[in-house]
**Student:** 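Take a look at this one; I'll ask things after.
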Amino acid sequence: MPRPVRIAEDVVPINEFKTNASKLINRMKETQRPMIITQNGRASAVLLTPEEFDALSSRGSFVEAVREGLADLEAGHTFTSAEVLAHVKAVLGR
């Protein structure tokens, strides 16, 4: 999970980022904090390490799967454990 952003260190104007991209990316990797890149004084992009991006993507997929499961539960689309076991046995030919 990314560490909280430190405004004084992690918000960078786009021109500074262009000039010092390699140095700033290395610093981001060391601190494990996302970097906010500004343009015309407003946030325009967030830079994450690949690991942080993967973790956020996985978390989003997990949350969506839980939502779908809860919606199925509310709609009554459920099976008993006996029904699931019978289906598995039928599929496996046992």
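FYI, the numbering just counts along the sequence from 1.
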**Student:** Calculate, to the nearest 0.5 Å, the distance between atoms CG and CG belonging to N20 and N15 respectively.
**Tutor:**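 Output value for this atom pair is 11.0 Å.
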**Student:** Evaluate the side chain to side chain contact (heavy atoms under 4.5 Å, CB included) criterion for residues Q32 and E52: first the C-alpha distance (whole Å), next the side-chain angles of each, then the deciding distance (0.1 Å), finally the verdict.
**Tutor:** CA-CA 8 Å; Q32 291 297 304; E52 290 172 10; 3.9 Å; yes
**Student:** Does any N or O in the side chain of T78 come within less than 3.5 Å of the main-chain N or O of D72, such that one atom is a donor and the other an acceptor?
**Tutor:** no
**Student:** Quick check: is I25 connected to V12 through a chain of hydrophobic side chains (ILVMFWY, heavy atoms under 4.5 Å apart)?
**Tutor:** yes
**Student:** Are any non-hydrogen side-chain atoms of H87 and F79 less than 4.5 angstrom apart?
**Tutor:**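 They are not in contact (no side-chain heavy atoms under 4.5 Å apart), so the answer is no.
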**Student:** With rounding to the nearest 0.5 angstrom, report the CZ to CD distance, R67 to E64.
**Tutor:**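 That separation rounds to 6.0 Å.
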**Student:** What closest approach, in Å, do P34 and L48 show between heavy atoms, and which atom pair accounts for it?
**Tutor:**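 Nearest pair, atom of P34 first, then L48: CB-CD2, 3.5 Å.
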**Student:** Decide whether V11 and L47 are clustered together by the hydrophobic rule: side chain heavy atoms of Ile, Leu, Val, Met, Phe, Trp, Tyr closer than 4.5 Å, transitively.
**Tutor:**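 In one cluster: no.
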**Student:** Are any non-hydrogen side-chain atoms of N26 and S22 less than 4.5 angstrom apart?
**Tutor:**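 N26 reaches S22 side chain to side chain.
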**Student:** Do you know which two heavy atoms are closest between M35 and L24, and how far apart they sit?
**Tutor:** CE-O, 3.2 Å
**Student:** Are M28 and I36 in one and the same hydrophobic cluster, where Ile, Leu, Val, Met, Phe, Trp and Tyr link if side-chain heavy atoms are under 4.5 Å apart?
**Tutor:** no
**Student:** Linking I/L/V/M/F/W/Y whenever any side-chain heavy atoms sit under 4.5 Å apart, do F62 and L70 land together?
**Tutor:**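 Yes, same cluster.
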**Student:** E16 versus T19: any side-chain heavy-atom pair under 4.5 Å?
**Tutor:**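 The answer is no; the side chains never approach within 4.5 Å.
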